[in-house]
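Letters A, B, ... are given to chains in the order of the sequence lines, protein chains preceding strands, and every chain is numbered from 1.
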Protein chains: 2
Amino acid sequence: MPQRRGRPGYDQEQVIAAAVDLFNRHGYDATSMGMLAERLGISKSAIYHHVPGKEQLLEHALDRALLELEGVLTHPAAQERSVDQRLEYVLRATVGVLIDELPNVTLLLRLRGNTPLERRALDRRRAFDHEVAALVEASAEAGALRGDLQPRVVTRLVFGMINSIIEWYRPDGPLRREEIADSVVAIAFDGLRSRPA
Amino acid sequence: MPQRRGRPGYDQEQVIAAAVDLFNRHGYDATSMGMLAERLGISKSAIYHHVPGKEQLLEHALDRALLELEGVLTHPAAQERSVDQRLEYVLRATVGVLIDELPNVTLLLRLRGNTPLERRALDRRRAFDHEVAALVEASAEAGALRGDLQPRVVTRLVFGMINSIIEWYRPDGPLRREEIADSVVAIAFDGLRSRPA
DNA sequence: GTCTATACTAAGATAGAC
DNA sequence: GTCTATCTTAGTATAGAC
């Protein structure tokens, strides 16, 4: 990586990274190519040298996020062990993906489905959700989960808890991946109440 | 309410309700006054007879949502009882507000802070969050919560779980307010694990 | 209470020079 | 790889008639 002088000379990855950051700060629709140009210190039209258009910036980030999430379910550990161990693995691994791919996953979780591209991404996300719900259902049937809660509601609340991480996790903050995953698993399986050993 | 004939003849409340619905479907920025006009079956300019502009449509909804949330903390039940009863009350009441004010709260929880109006609303929301975090902290100090979790992380995860309700609750669905509040309280305090009585 | 017509602004994107 | 200049479209909002 030789030191550059003069003009910035961005490559595609840098342009995309800056765009994703702005999309997350202001929302996709509220982010203009002018804002991105200003952030990079180049003109609007220079951006079109690197990417075909605004939508491809979004597409790249969503595809990355979805590939990582889908990888959680295809990972060997999500298939081999007992059903409740699988569930714990999927919870922990999903937390890991959220944290490692924070900007990309954040974009995914905020989609509204306004365009065909967004709707395709939401379809893939729904497929992930359905597989997870099936896993919770299997755990319930195997007797690993208490019987007074509906598996579908449980799935939504627990993954709502996990997904909320994107709202407050900061990579430069004091919390590490494992601490957060431990807290999620602790609350999800055993709750907050202090109880005698 | 006499039957109207001919032109729709909307009042301000109806215009705002339609706008909030569209804002939630497509996002505030992605919703144009043209879309709102089309939805109402009137022209764009007719909307300006009812409201000063697009931003006031948002303002009305945010103010309503914040007043209801703030009401949870000023309600007598949130102040009188023991500290862990207060916490359970606040969880249940917050679920209630989310469900009763679903469209308005949804808008609030999706804000990005792009304008002074949005930033003022986010400030009020943060004040609510801080009061809740203090309540969780007080519960922990009183020994009501297990000691191996950080109160701040607990607060964020539990309210992340509650806030996720806006992503999937449908008023015409099979679940009632109390069922959801029960599930939230059950998971938050006791977790999913099946355990011998 | 709603209309048509229009002013004004900003957006995404392209052409061609350097 | 970036620039200036420009095109096209779409947005919020206003003026004034009905």
| Taking only N and O in the side chain of A:His49, is any of them less than 4.0 Å away from OP1 or OP2 of D:dC3? | no
| task | Could you grab the distance from atom CD of A:Glu131 to atom OG1 of A:Thr74, nearest 0.5 Å is fine? | result | 9.0 Å
| Atom CE of A:Met33 to atom P of C:dA13: distance rounded to whole Å? | 6 Å
| query | Backbone N or O of A:Ala17 within a donor-acceptor pair of the A:Asp21 side chain at under 3.5 Å? | reply | no
| said: What's B:Ser32 touching, base or sugar-phosphate or nothing? Going by heavy atoms closer than 4.0 Å. | reply: sugar-phosphate
| request: Could you tell me the separation between the CD1 atom of A:Ile42 and the P atom of D:dT4, rounded to a whole number of Å? | output: 12 Å
| Rounded distance in Å - CG (A:Leu40) to P (D:dT2) | 9 Å
| query | To the nearest angstrom, how far is A:Asp29 atom CG from D:dA10 atom C1'? | reply | 13 Å
| note | A:Met35 atom CE is separated from C:dT9 atom P, nearest whole Å, by 20 Å
| Closest-nucleotide 5' rank along DNA chain C - winner of B:Asp11 and B:Ser45 | B:Asp11
| request: Applying side-chain hydrogen bond (donor to acceptor under 3.5 Å, both in side chains), name anything that partners A:Arg170, two or more places apart in sequence or on another chain. | output: none
| remark: Taken to the nearest whole Å, CG/B:Leu36 to P/D:dA13 is 12 Å
| message | Nearest whole Å is fine: how far is C:dG12 P from A:Lys44 NZ? | response | 7 Å
| query | Would B:Lys54 count as a cation-pi partner of B:Tyr48, with NZ or CZ less than 6.0 Å from the six-membered ring centre and within 45° of the ring normal? | reply | no
| message | Can you give me the closest heavy-atom contact between B:Leu157 and A:Met161, atom names plus distance? | response | O-CG, 3.4 Å
| task | Measure the distance from CD on B:Glu38 to P on D:dT12 and round it to the nearest whole Å. | result | 13 Å
| message | Taking the minimum atom-to-atom distance to the side chain of A:Tyr48, which one of C:dT14, C:dC3, D:dT4 wins? | response | C:dT14
| request: For the residue pair B:Gln85 and B:Ser82, confirm or rule out a side-chain donor-acceptor distance under 3.5 Å. | output: yes
| Residues from residues 52-65 of chain A lying under 4.0 Å of DNA chain D - heavy atoms | none
| Got more than 12 heavy atoms from elsewhere within 6.0 Å of CZ, A:Arg64? | no
